[in-house]
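Worksheet: one structure, shown below.
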Amino acid sequence: MREALDLTDVRVRAACGGTGVCGACVIRLIGGDVSSPTPAEYLKLGPEQRTAGHRLACQLRIKGDAAIRLERPARFSPWKSIPPENLQPLVGCHPDVQSQPLGVAVDLGTTHIRIAVLDRQQGRCIATRYGRNPQGDFGADVLNRLEAARACPKRAAELAKLARGAIVRAVRDILARDIGEVTPMLAEIGQVLIVGNTAMLALLTGHGSDLLLDPANWQQSIDCRPHDLAAWRAHWPFPHAEILPVQPIGGFVGSDLLADVRATGLSDGPGGALLLDIGTNTEIALWDGKILHVTSVAGGPAFEGTGIRHGMPAEPGAIFRIRQEAASYRCETIAGEPAKGFCGSGLVDAVALLLDQGVLKPSGRFAAPVATEGYRFDPTNGRSAITSADIDAFQRAKAATAAAMNQLLAQAGMGWGEVHRLCVCGAFGRTLDIEHAQSVGLLPSLPHGAIELHADAGLAGCEQALLSLQGADYFNELIAKTRLVNLSRVADYEDRYIEQLRLRPMVSGSTVLL
Amino acid sequence: MLNSFIKAYNEAVFETDKDAAFSAVNAALTAGIKAEDVVFKIVIPAVEEMMSNISQDPDANLAQHFMTAQIAAEVTEKMLEKFDHPPDIIGRVVIGTAYGDLHSLGKRIVMGCLKALMVEATDLGANVSAERFVDEAIARDAQVIAVSAMMVHTAIGDNGARKVRRILKERGLEERIKLIVGGAPYRYDAELFQTVGADAWAPDGVNAARTIIHLIEQVKHHEAVADL
């Protein structure tokens with residue numbers, strides 16, 4: 001019960017990691033099919049409490065429908081646990097780590113921050129959290145944040161503090177709830193590994209923002225290490241931790257992509273494996289057997305909700321799936337809440353279904369005029385509407401993504417016929433309807449099974465590195481195998497982009513003028 | 001017969017269907033219609049119609065403008081190779097993205113429309129210095145410099161349009177070469193183009209092509225008057 005509630009906004013109090021020792025997570029069972037009380041509950045709850053229906057949420061298992069009441073919920077926290085189905089099993093451990101056994105993996109994204117605290121000795125994940133990057137208040141656009149940091153050192157320090165503060169609060173939340181002690185445990189953290197896109201790393205370390213704003217630097221590697229490592233580390237309340245921001249590949253290809261590659265084992269298999277990490281800045285990697293070709297493209301904001309009238313990140317209330325049911329549609333939302341808007345996978349479903357029904361034409365025009373508020377998928381909910389401007393933003397996002405993949409293949413001298421694997425990571429999570437994505441030309445028409453959906457791969461790759469003997473060196477070895485492609489310097493890219501704007505399965509080859 | 005090709009081409013362009021548009025052009029050529037007529041009677045009227053419709057077609061989106069401009073540009077480019085005599089050029093423009101800015105796609109629509117309308121447009125690419133804008137304009141005898149900027153700091157910065165204006169002034173070229181700007185920041189502040197010293201701005205690529213042609217006419221008129 002506690003684990004289920006940790007995925008939502010309503011959490012029980014907790015201070016022991018679910019062992020039943022602290023007794024903080026008392027709830028009242030109103031009725032339903034649940035497990036019998038455990039010895040821990042007999043120890044912590046008196047007979048009167050038990051008669052009144054009190055139970056410990058961490059001990060209670062639900063077998064069917066049940067009703068409970070939270071009389072003393074925990075204070076609201078912006079941090080939630082990552083759904084267990086998104087987590088990859090951990091491999092490896094460091095039995096020789098004697099002191100400071102805890103490790104912290106961080107995937108620092110433009111929109112979201114994901115964190116895991118691990119016991120490195122046992123190779124065990126203690127808990128995970130995800131929440132919004134508070135820098136978002138300075139602008140969803142990465143460039144706005146970089147510009148703010150460059151213009152004013154005070155602002156730069158503020159931005160760094162926002163991200164650092166968020167990471168620290170998430171770690172404290174895990175320590176408080178899942179171990180039960182905060183300050184002593186902060187001293188038990190031995191290593192913090194942070195992956196992220198280049199801009200986020202630059203803002204966190206206070207080094208590289210100015211370089212990133214100059215296009216001359218975009219193709220080369222950008223040093224995002226703090227000027228004075230010791231002084232920088234002193235800002236963190238982890239007295240014994242080695243805090244490592246994993247260096248990015250280049251201007252707009254971050255170390256989160258390296259972590260994705262690690263988590264999916266992309267470069268461990270034969271050539272012809274492609275990885276797409278959809279985000280505000282979409283990053284792409286192609287493993288050809290020897291070289292990891294990487295690039296990035298501004299393909300993703302629409303898939304994270306930016307620029308879409310009722311767009312939103314994959315958060316509670318987001319329509320993540322739409323299904324056709326006879327003459328109407330059924331919108332499924334995250335956490336089953338009333339629809340507040342569309343996240344990326346819901347948007348793909350919306351466009352694919354409208355196209356399939358002939359409501360929308362391949363040009364992106366509606367076949368018949370729709371109201372200015374847009375086309376409603378749920379007639380009773382105005383936030384389920386898609387406008388023609390949304391379709392335009394979608395077309396441009398999917399064209400950029402598709403064109404970038406095609407271009408990267410061309411740069412490597414390969415074609416889709418040689419691609420046996422496509423790993424899709426990032427904003428779509430695991431809810432993307434692959435056939436819908438193929439029908440609008442966002443993803444190629446590869447055989448069934450070749451396209452894999454990975455959620456939270458960046459965090460998983462970071463966790464794997466924390467538990468491996470190589471540690472962060474793994475990433476440096478991978479960087480040595482990469483070749484960075486800057487699409488803004490590739491002449492064909494714009495033609496490919498325009499070629500991919502129509503809403504239709506991805507094509508190659510067309511009518512030639514006489 | 002020509003009318004049926006015009007109809008087929010226009011329908012294809014409205015649907016942004018490049019294959020169908022090319023098929024219509026191929027059918028016209030096969031039927032013996034000259035490349036000159038394909039451009040002047042089929043392609044150019046279609047571009048002009050798109051320009052006049054832009055404010056009346058609320059459903060038309062940027063993606064469609066990209067696709068239709070591309071069709072027009074590709075057809076025109078191919079047909080020009082078949083012309084008996086090189087066509088009269090309306091004028092010349094150099095176009096590029098401001099220094100520090102790599103968003104080069106914005107100018108594609110302008111380029112496509114201009115090409116189809118017989119304006120010689122030279123794409124200087126992205127991250128173009130102010131000096132290079134002016135030097136290239138002089139070298140190519142261009143009447144207009146078009147500077148695209150998609151970020152606030154490249155739109156208002158000292159190395160973008162402002163600097164182009166300064167150089168034009170220093171070299172006494174202000175009557176000979178006009179400066180137009182475009183890109184997202186100018187849409188949020190309709191006065192911004194004046195702040196950075198531009199002669200004109202346009203809210204979108206299709207309108208930019210139209211405005212550039214006006215500027216070319218202004219320069220040519222001024223030169224004609226000066227010659228008298």
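The chains referred to below are lettered A, B, ... by the order of the sequence lines, with proteins before strands, and numbering in each begins at 1. These numbers were taken from a predicted model, which means no experiment stands behind them.
No side-chain heavy atom of B/Glu15 sits under 4.5 Å from any side-chain heavy atom of A/Arg365. Contact of the A/Arg502 side chain with the B/Gln64 side chain is not registered, since no non-hydrogen atoms from C-beta on lie closer than 4.5 Å. In this structure, the side chains of A/Asp495 and B/Gln70 come closer than 4.5 Å at one or more pairs of heavy atoms. Looking at A/Lys361 and B/Phe14, their side chains come closer than 4.5 Å, going by heavy atoms from C-beta outward.
The distance from atom CD of A/Glu494 to atom NZ of B/Lys107, rounded to the nearest 0.5 Å, is 5.5 Å. To the nearest 0.5 Å, atoms NE2 (B/His153) and CG (A/Leu146) are separated by 9.0 Å. Here the straight-line distance linking atom CD of A/Glu147 with atom CE of B/Met151 works out to 8.5 Å at 0.5 Å rounding. For the atom pair CZ (A/Phe394) and CG (B/Asn61), the distance works out to 12.5 Å, reported to the nearest 0.5 Å. Atom-to-atom distance recorded for A/Ile498:CD1 and B/Ile109:CD1 is 7.5 Å, nearest 0.5 angstrom.
Seen from the ring of A/Tyr497, B/Arg108 does not count as a face-on cation partner, given the 6.0 Å and 45° thresholds.
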Trace of the salt bridge (charged side-chain N to carboxylate O under 4.0 Å, His left out) decision for B/Lys18 with A/Glu499
CA-CA 9 Å; B/Lys18 190 165 109 174; A/Glu499 197 71 44; 3.2 Å; yes

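Looking only at distances, a side-chain donor or acceptor of A/Asp392 sits under 3.5 Å from a matching main-chain atom of B/Leu62.
In this structure, chain A has a heavy atom under 4.5 Å from the backbone of B/Asp101, while its side chain stays farther away. Of the two parts of B/Leu105, the backbone and the side chain both hold a non-hydrogen atom closer than 4.5 Å to a non-hydrogen atom of chain A. Of the two parts of B/Val75, the backbone and the side chain both hold a non-hydrogen atom closer than 4.5 Å to a non-hydrogen atom of chain A. B/Asn127 touches chain A through its side chain: at least one heavy atom from C-beta onward sits under 4.5 Å away, while N, CA, C and O do not.
Heavy-atom neighbours of B/Tyr99 OH from other residues, nucleotides or ligands within 6.0 Å: at or below the threshold of 12. Within a 6.0 Å radius of CZ in A/Arg504, more than 12 heavy atoms belonging to other residues, nucleotides or ligands are found. Heavy atoms from other residues, nucleotides or ligands lying under 6.0 Å from CD of B/Gln194 number more than 12.
By number of non-hydrogen pairs under 4.5 angstrom with chain A, the leading residue of B/Met67, B/Met79, B/Lys78 is B/Met67.
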